[in-house]
Amino acid sequence: MAAEPLVTLTIDGREVAVAAGTTLLAAADQAGVDIPRLCAYPGIQPMGGCRLCVVQVEGLRGYPAACTQPAAQGMVVHTESDELLRLRRSTMALLLTKHPTGCLLCLHNTDCLEHHGCAARRSGTVTGCRFCPNDGQCEFQGLVNRLGLTDMPYPVEHRGLPVDRRSPFVDNDANLCVLCGRCTRVCAEVRGAEAIGLLARGEDTLVLTAGDVPRTETSCQFCGSCVDACPTGALSERVNKWIGPAERSTPSTCAFCGLGCQIELDTVGDQVIRSRPAPDSALCVKGRFAVVETLLPENRAVAPMVRRDGRLVETDWETALARVAEGLAGCAQPAVFASRDLLDEELMAARSLALDVLHTPHLDSDARLLDGDFPATSATLADLRAAGRIVCVRCDLRFAHTPVFLAILAGLANGAELCCVEPFGTDLLPHATVVRRPLPGGEAAAVADLLDAPDTVVVWGSALMQSDAGAACLELFAASGAALLPLLDGANSRGVQEIGIEPADGGRGLDTWFEADSEVDGLVSLGHLPLGHRPPLRFWLAVATSLDDATAYADVVLPAAVFAETSGHLTDLFGETRQVTAAIAPPEDCRSIVDIAGELTVRLLDLPRTAGAPVPRRRSLRVRCRLMGETLLLSREISHFAYLGNALTRRVPGLAPLALEDVVRIHPDDAARLGLAEGDEVGIETETGAVAVTVALSQAIPDGTARLVLRPGEEGLHGPNPCPAVFVSEHEAARVAATTAAARA
Amino acid sequence: MYEIVERRQLVPDHHVLTIHAPHVANKVQPGQFVILRSDEEGERIPLSVADFDREAGTVTSVFLEAGAATMKLARLETGGTIPTYMGPLGKASEVEPCGTVVLMGGCYGIGALYPIARAHRAAGNRVISILEAHTQWLLYWTERHQAIADEVYVMTSDGTAGERGLSFDKLTALLDGGLAPGLVYAIGCTFLMSSAAKLAEERDLNLKVALNTVMVDGTGMCGGCRCSAGGEPKFACVDGPEFDGRAVDWEGLMARRRAYRPQELATMRRLDSSGKLASSKPAGKGPHHG
Ligand code: SF4
Ligand code: SF4
Ligand code: SF4
Ligand code: FES
Ligand code: FES
């Protein structure tokens with residue numbers, strides 16, 4: 001782009017040269033002159049709505065708004081005068097007629113805040129709304145103070161609007177909204193979501209979704225950008241409300257997928273209260289809203305546990321570690337599992353634990369099972385923005401990898417052509433010029449002729465790699481010469497590959513550890529494996545962060561710290577090393593995995609091991625039920641709402657309506673034919689098993705197919721995928737559930 | 001089961017709750033409180049009595065919707081029932097002739113003061129009421145107080161009704177003007193009461209405060225309301241609710257309250273994720289909104 005010609009102007013006596021077309025507000029910022037503003041916000045187009053940024057320009061009549069007025073050669077601008085102050089104060093006072101003023105104009109504001117701290121009780125009495133966080137970080141309050149407004153010349157009103165608490169993470173109290181439009185513009189212009197707008201309801205203009213439906217039913221990404229943009233308490237994050245402003249902030253890396261987004265962890269005392277995007281980064285719902293609740297001790301394994309009389313009971317570290325040594329001494333061939341979400345340092349510790357301490361070749365992670373045999377990434381986000389053609393296969397980017405969604409939108413704005421190969425609908429389809437909707441499993445044939453345009457970038461998600469079409473697609477991608485961008489769900493799948501968490505010579509892979517002919521008889525798991533039952537093992541040590549699912553079957557559980565509590569590195573999907581920094585200390589009895597590995601090394605190094613008594617092997621898990629329904633083509637995938645193999649939805653209930661785990665999505669027409677309605681329980685039987693699940697209807701699912709997102713930690717990817725599945729009736733569902741449970745017990 | 005004669009939002013987040021409970025209405029005296037539960041599993045909630053009608057057998061309270069328990073309370077419907085309504089509890093106000101009585105009330109205290117003011121008036125005292133709210137649309141019961149008091153002053157922190165400032169600003173002004181009250185009452189949030197205590201210390205006033213705001217279950221069992229008055233450990237629920245404002249250890253009381261906050265936040269989180277508070281309840285209009 002050719003540089004715009006420069007114009008020179010004077011603002012409050014300071015000379016500044018800016019590109020022609022720059023607004024006076026931006027020019028003033030550049031000159032170091034801070035003009036009061038409300039509706040102007042970085043990254044979005046000016047709206048010129050609040051008129052707090054009014055200035056005087058010599059030779060121009062009236063008071064132009066600095067955020068919309070372009071700078072011109074030789075302009076002489078004044079930003080402060082008695083008249084401007086009078087104008088701004090009266091503008092502010094008008095805004096305040098509909099916003100609570102009790103707190104803003106109170107003579108005792110500081111003493112009161114100091115006395116109460118930030119608390120719901122105080123909020124209720126000062127703002128009339130307990131949902132206002134009233135936490136001393138209100139930009140609006142800052143403006144009132146700056147303008148020195150002390151009296152309300154106009155009558156005030158409370159609009160009595162209901163607080164919208166339907167969003168899983170955010171409260172929307174329209175009584176506090178000053179209609180600056182920052183949230184709606186950020187949503188549309190920065191996030192490309194257009195989930196909310198300034199819309200009319202009755203006599204009021206409000207921030208609403210179209211039709212005032214809950215945000216889950218819109219294109220909302222739950223990215224929180226609107227909350228971050230809001231200058232008042234109108235949009236506020238529920239989980240940290242009333243905790244008050246952060247005391248410290250620690251830059252770190254999100255560990256919920258392989259993109260390695262940079263985050264800032266805000267803390268108060270020993271609690272993380274918020275995770276927000278670092279400057280210049282954008283987050284998905286996981287990075288923005290799932291961190292705080294994942295860390296809460298109430299959702300964690302916080303003490304060592306050993307199995308006694310069939311039950312896990314809490315104990316101290318010494319006892320637990322002694323049990324581990326005793327247990328592993330009786331295992332001839334233990335296996336070591338390391339989750340793909342572990343830090344580099346933790347992976348190295350796992351590797352050394354297997355190869356140098358336990359001297360076992362059975363080492364593996366879940367990276368290959370879930371992210372596939374991914375090749376080296378050869379595209380960057382910048383390549384996406386400059387691409388000629390972008391080919392997306394099985395990319396559901398609304399709640400995961402959303403920075404990639406934003407880069408694709410930027411690429412489109414720069415003239416790229418978007419080709420989508422998606423059996424199921426996604427938010428990208430409306431932007432695509434080529435849309436192919438093969439049946440699940442037919443992706444390779446559908447994508448084959450799309451790969452040879454110049455400057456092509458291919459992007460694919462783990463749903464493809466988890467399906468039987470994955471390998472064929474990979475071959476096509478590799479042969480095409482296109483730049484490749486695999487969207488790894490594992491935070492450190494790349495690290496797993498580089499550090500070599502894989503079976504050594506003579507070792508078995510995770511997928512066959514527990515088969516009938518396997519010699520694996522013991523297990524050390526760092527993070528959770530996808531297991532719904534106790535495998536045939538002599539001894540199992542689970543180093544875990546929660547007691548979900550499989551961990552409940554272990555012999556010893558050692559509580560581990562999670563990513564905001566430990567420091568180390570992750571290798572993101574681009575191959576970059578990212579720094580992870582501890583923001584807080586782990587709960588008292590939890591230890592970092594590296595420390596735990598150290599303790600284990602001391603106790604297990606050169607430990608003599610002999611195989612103990614044989615373990616009874618169970619029969620196969622296969623369940624049969626009476627066939628009575630219809631067959632649909634079922635595509636299975638493991639939910640990306642996972643951390644260390646655990647279901648995030650368990651710890652962060654707000655994610656459940658977004659994740660739709662263990663819910664089978666089918667087309668309304670199929671549902672009608674099968675006599676099924678939204679929310680019905682149904683039994684599904686495939687060649688490898690049967691499950692009872694809930695039905696959800698979706699136009700995005702083609703006729704004759706079904707999409708099942710399985711909760712992480714469940715077995716679910718064995719056998720062909722996609723595969724035909726028999727749908728059985730509601731009555732049968734209960735029986736299926738019972739049989740499945742019985743088979744697992 | 002006790003019938004909910006009325007549950008209505010007076011002004012945003014302040015609710016009036018009238019219960020048919022003749023056993024309480026018969027005996028209750030100004031200054032006392034009741035304990036109720038909104039449902040069988042609900043926790044016990046202490047509320048001060050803001051009015052009673054012995055003939056009709058009803059007792060009225062005004063409460064602020066602030067924590068998890070009161071949020072549930074605010075969802076009760078007129079005509080419904082509640083399982084528990086215990087009272088009257090706590091010591092009644094001592095009402096004796098003492099010349100001029102100044103009563104300062106904020107938030108739920110505007111209601112809680114009302115029966116006390118009425119009793120002092122009946123005892124022949126000169127009653128001056130100072131009603132405090134943060135803004136005009138959070139004021140309620142002004143007319144009721146006007147009907148029983150000799151003088152009523154309204155204070156709002158933004159000056160949108162009455163004078164700008166809080167109740168103790170007004171009291172300071174009245175004292176500077178030569179007023180010498182025999183007794184001063186402060187009922188409301190701890191900021192109001194502790195600020196009043198500071199003033200009482202400086203001007204040597206006989207100050208009574210009601211510590212209902214700090215109670216948790218109101219039985220003397222949980223220790224939630226433990227406070228120290230005159231150096232003696234006390235329980236607001238059984239030794240109070242009224243105390244000599246100058247003798248209360250406000251620092252200690254606030255420290256205790258802060259210690260309870262993580263628990264309260266965890267309860268709110270549980271309620272939030274249970275979806276029980278998810279419904280968007282109409283906030284209701286203020287009284288000056290037609
Ligand atoms: S959370 Fe993100 S996508 Fe949803 S409304 Fe806010 S800005 Fe828009
Ligand atoms: S909700 Fe907040 S950001 Fe959105 S218009 Fe209202 S005040 Fe502005
Ligand atoms: S896209 Fe990935 S790295 Fe970024 S915030 Fe979301 S989960 Fe975290
Ligand atoms: S900031 Fe310029 S009009 Fe709002
Ligand atoms: S409120 Fe629990 S002891 Fe008084």
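The sequence lines fix the lettering, A, B, ..., with proteins before strands; numbering per chain opens at 1.
- Other residues, nucleotides and ligands place more than 12 heavy atoms under 6.0 Å from the CD atom of Glu202(B).
- Among the residues in residues 167-177 of chain B, those with a non-hydrogen atom closer than 4.5 angstrom to a non-hydrogen atom of chain A are Phe168(B), Asp169(B).
- Ser167(A) does not touch chain B: none of its heavy atoms, backbone or side chain, sits under 4.5 Å away.
- The part of Leu296(A) that comes within reach of chain B is its side chain, from C-beta onward, which places non-hydrogen atoms under 4.5 angstrom from that chain.
- If you measure heavy-atom distances from Ser194(B) to chain A, the contacts under 4.5 Å come from the side chain alone.
- Side-chain atoms of Thr135(B) and His158(A), non-hydrogen and from C-beta on, never get closer than 4.5 Å to each other.
- One distance of note links CE of Met152(A) with CZ of Arg164(B); it measures 11.5 Å at 0.5 Å rounding.
- Within a 6.0 Å radius of CG in Asp270(A), no more than 12 heavy atoms belonging to other residues, nucleotides or ligands are found.
- Taking Asp158(B), Thr156(B), Leu192(B) one by one and counting their heavy-atom pairs under 4.5 Å with chain A, the maximum is reached by Asp158(B).
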